[in-house]
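For reference, the structure is listed below as structure tokens.
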Amino acid sequence: MVNSISFWQKNNERNKTKVYIIGGGLVGLSAAYFLSRSNLSLEIHILERGEVCGGASIRNAGFACFGSPTEILEDVNLHEVEKTQKLIQKRWEGLKLLLMMVGDKDIAYHQNGAYELIEKNENDVDEIIKAANVIVSDVFADNQVFREKQLPWLANDRYSCIYNDLEGQLNPYKLVRAIQDILRSQGVQFHFNIDIEHIDLENNQCQDIYGTQYIFDKLIIATNAYTKDLLPSAEVMPVRNQVFVTNILKNLEMKGCFHVDRGYIYFRNIGHRVLIGGARNRFPETEDTIEYGNTEDLELFLLHRLRDLLPNHKHIKFEHKWSGILGVGKDKTPTVRKINDHVYAAYKMGGMGVAIGSLVGKELSDNLIVDIQNE
Ligand SMILES: Cc1cc2nc3c(=O)[nH]c(=O)nc-3n(C[C@H](O)[C@H](O)[C@H](O)COP(=O)(O)OP(=O)(O)OC[C@H]3O[C@@H](n4cnc5c(N)ncnc54)[C@H](O)[C@@H]3O)c2cc1C
């Protein structure tokens, strides 16, 4: 005999719009956050192939940054001034939104500022500071965001240092966990170890690798670097970033987020350890890949670079290493797309997803809410 659904369940669930979100990184979580706070009657499910989150959102360096001066100047060549300013504005708004979302939850956020180290013989630092300040002055209503600073531990005869006190650092794992906790309390349902293989755009359903089907009213694809697998038209390219963490360094003086080589190399303190990562521009033959892994060449390159940058520490070695996959493209503006009346996607977060991910998630949520209200 067929067991009918109860009156109670039917009346509670009848009018709910079923929203599935593929991808439980910062973008998917942020979309769920804003959807769950709307006054619409939604049933929100996150389908995630990892155990907590399988993507960059728990593998990143935890820089809460909007761009180093030379990176910003390089962006101007790529995007022109106005678009670069918009991008910086979005990253800055995204950071503020993210901190608002997590409220008083512990994400180990410290606003220790950010630094760019510039080799003296190759560059005119005053020119860089002046030009970068012109670009960001409108965004921050301040024409002295970047300024030169002497660091007692740095080889100041070889490096100049540009500082700003607006940027911070956080613990990406704690961040993802904090948002997950908030979402659970809002009734969002998580489904981990679910690997979606195919989306049937005609019939509003997707299917995982075991053949289980998920029928949706609305679908959000928040799979960033992996989006092409589900949406072949997506213009996003996966590239790897390797990350290393040192042993505990006695009397470590450095504190904050540091950029070298236009942001391609980054390092920060984690307590008395140093995290360093990047340098994919130096090793394109191995790093233009979607495969996880670490390579000896890149590891040695970063180890030597760190020893050079921290000459007071004679016994630096790496004790932890991992990698993550970035979603990049021809430019640095994230793509937020409506695929059809039921399916939305966002990808191409680049190396700034911590900053911009919350805002992109909100944009997805806003688009979907407006469409439901107009139906
Ligand atoms: C090593 C590294 C360091 C970085 N450092 C910083 C930094 O310091 N500051 C900063 O702002 N940004 C940094 N980034 C970039 C930032 O981490 C990303 O831009 C951001 O996390 C992207 O968020 P997302 O939600 O779009 O993607 P992701 O976090 O990658 O989330 C996508 C999710 O989708 C899931 N998924 C994919 N395909 C499927 C499927 N078919 N079925 C089910 N689930 C699926 C994945 O498992 C993943 O959890 C770094 C990135 C890397 C790799």
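As a basis for the values below, the full set of heavy atoms in this structure was taken, side chains included, without hydrogen atoms, waters or symmetry mates. This is a predicted model, so every value here is computed, not measured. Note that the numbering runs from 1 along the sequence shown for the chain. Ligands are counted one by one from 1 in listed order, and the atoms in each one are counted from 1 as well.
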TODO: State which residue, out of E116, H259, E74, E167, fulfils the side chain to side chain donor-acceptor pair (under 3.5 Å) condition with S68.
DONE: E116
Task: Residue selection (non-hydrogen contact nearest atom 9 (N) of ligand 1) among Y347, F63, Y292 - done: F63
Open item on the list: Against ligand 1, does Y266 come closer than 4.0 Å with any heavy atom?
Closed with: yes
TODO: Answer with yes or no after comparing the ring centroid distance for F216 and Y20 against a 6.0 Å cut-off, counting only values under it.
DONE: no
TODO: Assess G350 for proximity to ligand 1: is some non-hydrogen atom of it under 4.0 Å away?
DONE: yes
Open item on the list: Measuring from non-hydrogen atoms of C53 to any atom of ligand 1, is the shortest distance under 4.0 Å?
Closed with: yes
Open item on the list: Could you walk me through whether D308 and R158 satisfy the salt bridge (charged side-chain N to carboxylate O under 4.0 Å, His left out) test, starting with their C-alpha distance in whole Å, then the side-chain angles of each, then the deciding distance to 0.1 Å, before giving a yes or no?
Closed with: CA-CA 11 Å; D308 175 61; R158 287 192 293 123; 2.9 Å; yes
Task: Heavy atom of the protein closest to atom 27 (O) of ligand 1 (residue, atom name, distance) - done: N224 CB, 3.3 Å
Task: Per atom 12 (N) of ligand 1, closest listed option by heavy atom (C257, G361, G351) - done: G351
Run the side-chain donor-acceptor check on residues 56-67: report pairs under 3.5 Å with partners two or more places apart or on a different chain.
| residue | atom | partner | partner atom | Å |
| --- | --- | --- | --- | --- |
| S57 | OG | L26 | N | 2.9 |
| R59 | NH1 | S323 | O | 2.7 |
| N60 | OD1 | G62 | N | 2.7 |
| N60 | ND2 | A56 | O | 3.2 |
| N60 | ND2 | S57 | O | 3.3 |

Task: Nearest option to atom 45 (C) of ligand 1, as decided by whichever heavy atom of I21, T223, V176 sits closest - done: T223
TODO: Answer yes or no for D229: is there a heavy-atom contact with ligand 1 below 4.0 Å?
DONE: no
